[in-house]
Amino acid sequence: MSTLKVNAITETDGSAFPFGKILQYKIVKKTDGASTTSTATAGVEVSSDLRISLTPQNANNIIYCQANLTISTITSSTANFKIYRNTATDFSGTSTLIMPPDTNSANVDGNMNAYGSSGFIGTLPVTAFETASNTTARTYSPFWATQGNTVYINQWSTNYNTTSTFIVMEISQ
């Protein structure tokens, strides 16, 4: 675990512009490929490699999550991404979608969507944040789904191998 400190920035009139301090900063990586054909409304976990457990220091703090996922499709497809919080480190507990859209009823709803009419490859940021609400330990992980065909992570089918990362930070208020 790394802890970073963000210094205050001074406004032009000399007053301090306060930013919260980053109290916890955790990052994990996925270096191998995987794929999904899941059309489940909740999606399926991208990989247990991308799980991050965190115990907030204060219930009022912000928990910020960012997955940088290199994904691809070979054919026309929609890829959907969501970030979930779970009460158990192995994701066997209760899951909650972080920062859901106002309408969240289909597998194409979530924190980020990508579409390619004849296939695509690229690194996409999937971000979400929430107020901690309590100081209970929890685990975060990105999930994905598709409306059809196959979506890949860290590869174009079986070629062009890449890596992906997931970051979770606790920011004081």
For Thr89 and Thr139 the tightest heavy-atom approach is CA-OG1, 3.2 Å
Please check if the side chain of Thr131 supplies one atom and the backbone of Ser133 the other of a donor-acceptor pair under 3.5 Å. no
Asn149 side chain to Ser77 backbone, donor-acceptor under 3.5 Å: no
Looking only at heavy atoms, the pair that brings Asp109 and Lys82 closest together is O-CE, 2.7 Å
What's the separation between atom OG1 in Thr136 and atom CG in Leu54, rounded to the nearest 0.5 Å? 11.5 Å
Does the side chain to side chain donor-acceptor pair (under 3.5 Å) test come out yes or no for Thr123 and Asn68, once each step is laid out? CA-CA 6 Å; Thr123 301; Asn68 295 299; over 6 Å; no
What is the minimum heavy-atom distance between Ser76 and Ser117, and which atoms define it? CB-O, 3.1 Å
Heavy-atom nearest pair, Asn111 first then Val126, reads CB-CG1, 3.9 Å
Any sub-3.5 Å donor-acceptor pair from Gln24's side-chain atoms to Thr55's backbone N or O? yes
Less than 4.5 Å apart, side chain to side chain, heavy atoms only: is that true for Leu69 and Leu124? no
Pairs touching residues 117-146 that satisfy salt bridge (charged side-chain N to carboxylate O under 4.0 Å, His left out), sequence neighbours left out: Arg85-Glu130, Glu130-Arg138
Which heavy atom of Gln173 sits nearest a heavy atom of Asn60, and at what distance? CG-O, 3.0 Å
Find out whether Ile98 and Phe129 are in side-chain contact, i.e. whether some heavy atom of one side chain is under 4.5 Å from a heavy atom of the other. no
Which heavy atom of Ala59 sits nearest a heavy atom of Thr135, and at what distance? N-CG2, 3.8 Å
Distance-only side-chain donor-acceptor flag, Gln66 / Thr127, under 3.5 Å: no
Please list every donor-acceptor pair under 3.5 Å in which a side-chain atom of residues 162-169 meets a protein atom from a residue at least two apart or in another chain.
residue, atom, partner, partner atom, Å
Ser164, OG, Thr70, N, 2.9
Ser164, OG, Asn154, OD1, 2.6

Heavy atoms, side chains only, cut-off 4.5 Å: are Arg51 and Glu45 in contact? yes
Qualifying residues under side-chain hydrogen bond (donor to acceptor under 3.5 Å, both in side chains), relative to Thr73, sequence neighbours excluded: none
Is there a donor-acceptor contact under 3.5 Å from the side chain of Thr146 to the main chain of Ser38? no
What residue among Phe143, Trp144, Phe91, Tyr140 forms ring-ring contact (aromatic ring centres under 6.0 Å, His included) with Tyr84? Phe143
